[in-house]
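Let me begin by presenting the structure, written as structure tokens, before commenting on it.
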Amino acid sequence: MARACRLLSAPGAACYGALMAKILVVGSGAREHALAVALAGHDILTAPGNAGTLSVGRNADVAATDVPGLVALAERERVDLVVVGPELPLTLGLVDALEARGIAAFGPSKRAAELEGSKVFMKRFAKRHGIPTAAFEVFDDPAEAKAFIRREARPLVVKADGLCAGKGVVVATSVDEAVAAVDRMMVDRAFGDAGARVVIEDLLPGEEASFHVVTDGTRAVALVPAQDHKRLSDGDRGPNTGGMGAYAPAPVVTPEVARRVMDEIVAPTLAGMRAEGAPLRGALFAGLMIEDGTPRLLEFNVRFGDPETSVLVPMLDGDWHALLSGAARGDLSQVHVGTRNGACLAVVLAAAGYPASPRTGDVISGLPSALADGTFVFHAGTARSGDAVVTAGGRVLAVGARATDLAAARALAYEVVSQISFDGAQHRTDIGHRALG
Ligand code: AMP
Ligand code: GLY
């Protein structure tokens with residue numbers, strides 16, 4: 001609040017009453033709990049939320065994909081701002097529907113959300129605007145896709161065009177694997193219509209990073225560069241997941257790399273979207289591959305990352321409400337935020353059976369009633385059951401800390417992790433390994 005208070009009221013004035021906004025946060029993950037905590041002090045309603053968001057405000061039992069239900073909820077509750085967490089409601093046009101009723105919303109229009117919703121759109125957009133990304137081909141005929149793979153016989157990545165909850169990408173280690181991916185996506189339709197078209201692109205070497213900006217369509221406020229850990233097990237082994245932990249800052253994104261990302265990827269993207277009549281407002285999360293100081297675009301998301309948000313929130317020095325409502329209203333010119341000193345690290349605790357078939361209903365014990373300085377427990381798949389908190393989804397909690405440096409943040413984070421338990425809990429013990437060794 002501090003910064004908004006200074007901007008909008010006399011120094012030292014008590015400002016909560018005057019500035020308290022009613023905010024609807026859409027989603028139910030650690031990202032949404034972290035955002036709710038970032039906005040605490042305002043009147044927070046989360047739909048559908050989890051056991052964690054209940055301690056920040058109220059939950060409303062409306063699914064994150066129920067566009068008419070969410071619009072009706074926002075109208076009924078007379079909210080000042082809707083903050084949309086996940087991608088699906090964005091691609092379904094939630095922000096357009098809210099804005100049509102005069103309700104401010106943080107997130108892109110349905111058209112701008114194509115940057116995430118269609119890999120074909122994203123890749124062709126990048127080509128049109130000279131944005132560095134892997135060379136690619138688009139196929140809507142599986143026979144042609146397979147012929148291309150056999151002809152090229154080099155490392156390739158096969159991507160379903162549409163949203164597949166993070167499962168639509170196969171980094172193929174052989175021709176057979178790439179061909180099998182085409183069959184699964186295009187012939188068996190494992191992801192339904194999302195796999196009707198595929199992108200097949202070159203495998204890029206390097207180290208990955210998650211680069212987020214908040215944008216009003218023209219201006220972009222860069223957040224601290226972060227790194228995710230997508231595989232289930234230590235040493236980056238095991239199946240792909242939604243993300244098992246994150247930390248920031250990511251040393252691979254040097255100030256020079258960050259400058260290049262802003263100049264070569266973010267600026268042309270915002271200008272390109274404006275020129276194409278679909279200005280992008282909200283969060284732009286560029287998934288990058290960085291090789292010898294050169295950033296290339298792997299994918300765009302038009303929302304905050306999860307688990308990245310669990311480290312972005314503690315690292316931001318400034319007022320989240322001013323940032324999100326500035327972007328939603330199309331004017332970030334008065335918003336000034338920075339990055340805090342030190343580093344932040346979050347470890348995901350996942351349910352038994354995650355990611356293939358997570359079990360729910362396990363009682364979570366050891367949740368700290370008071371958190372030590374700098375530590376946090378953001379809830380994801382959790383629910384209240386009587387007096388207990390039980391698992392209710394694949395990723396259950398994001399547990400972490402901000403401290404003077406990454407090693408201290410890791411030590412603190414794992415200390416909190418060691419206090420919490422539930423049957424079958426899984427977590428990685430090496431979050432931050434690329435930076436810490
Ligand atoms: P995406 O959903 O496009 O980010 O892909 C998911 C994951 O697949 C990324 O986080 C990378 O680990 C990997 N990946 C995607 N595209 C490529 C590529 N062209 N080269 C290497 N790895 C890739
Ligand atoms: N952590 C990756 C994502 O949110 O897509």
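Here, residue 1 is the first one in the sequence, and each next residue gets the next number. Counting starts at 1 for both ligands and their atoms, following the listed order. Side-chain atoms are counted along with the backbone in the values below, which use heavy atoms only and exclude waters and symmetry mates. The structure presented is a predicted model; accordingly, all values stated were derived computationally and were not measured.
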Is the ring pair [X]/[Y] parallel, tilted or perpendicular, if the boundaries are 30 and 60 degrees?
| X | Y | result |
| --- | --- | --- |
| Phe148 | Phe139 | tilted |
| Phe378 | Phe376 | parallel |
| Trp320 | Phe304 | perpendicular |

Are [X] and [Y] close enough for a salt bridge, meaning some N to O gap below 4.0 Å?
| X | Y | result |
| --- | --- | --- |
| Asp236 | Arg428 | yes |
| Asp216 | Arg329 | no |
| Asp183 | Lys146 | yes |
| Lys119 | Glu201 | no |
| Arg128 | Glu276 | yes |

Mark up the atoms of ligand 1 that fall under 4.0 Å of a heavy atom belonging to [X], in ascending order.
| X | value |
| --- | --- |
| Val157 | 16 (N), 17 (C), 18 (C), 19 (N), 20 (N) |
| Lys230 | 10 (O) |
| Lys159 | 3 (O), 15 (C), 16 (N) |
| Lys119 | 1 (P), 2 (O), 3 (O) |
| Met289 | 21 (C), 22 (N) |

What protein heavy atom lies closest to [atom]? Include the residue and the distance to one decimal.
| atom | answer |
| --- | --- |
| atom 17 (C) of ligand 1 | Leu298 CD2, 3.4 Å |
| atom 20 (N) of ligand 1 | Leu204 N, 2.8 Å |
| atom 2 (C) of ligand 2 | Asp228 OD2, 3.5 Å |
| atom 5 (O) of ligand 2 | Arg303 NH2, 2.9 Å |
| atom 19 (N) of ligand 1 | Glu201 OE2, 2.7 Å |

If you measure from each heavy atom of [X] to ligand 2, is any distance below 4.0 Å?
| X | value |
| --- | --- |
| Gly242 | yes |
| Arg31 | no |
| Gly305 | yes |
| Ala246 | no |

Check: Glu114 main-chain N/O paired with Ser118 side-chain donor or acceptor under 3.5 Å
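Absent.
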
Check this for me: [X], atom [atom1], are more than 12 non-hydrogen atoms of other residues, nucleotides or ligands nearer than 6.0 Å?
| X | atom1 | answer |
| --- | --- | --- |
| Arg237 | CZ | no |
| Lys22 | NZ | yes |
| Asp193 | CG | no |

Which option, [options], owns the non-hydrogen atom nearest [atom]?
| atom | options | value |
| --- | --- | --- |
| atom 13 (C) of ligand 1 | Val158, Val171, Leu156, Asn301 | Val171 |
| atom 10 (O) of ligand 1 | Lys123, Glu208, Arg296 | Glu208 |
| atom 7 (C) of ligand 1 | Val169, Leu163, Val199, Leu297 | Val169 |

Polar-atom distance check: Lys230 versus ligand 2, any N or O pair below 3.5 Å?
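N/O-N/O distance below 3.5 Å does not exist for this pair.
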
Hey, does Asp202 sit under 4.0 Å from ligand 1 if you only count heavy atoms?
yes

Ligand 2 versus Phe304: contacting region, heavy-atom distance under 4.0 Å:
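Neither; no heavy atom under 4.0 Å.
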
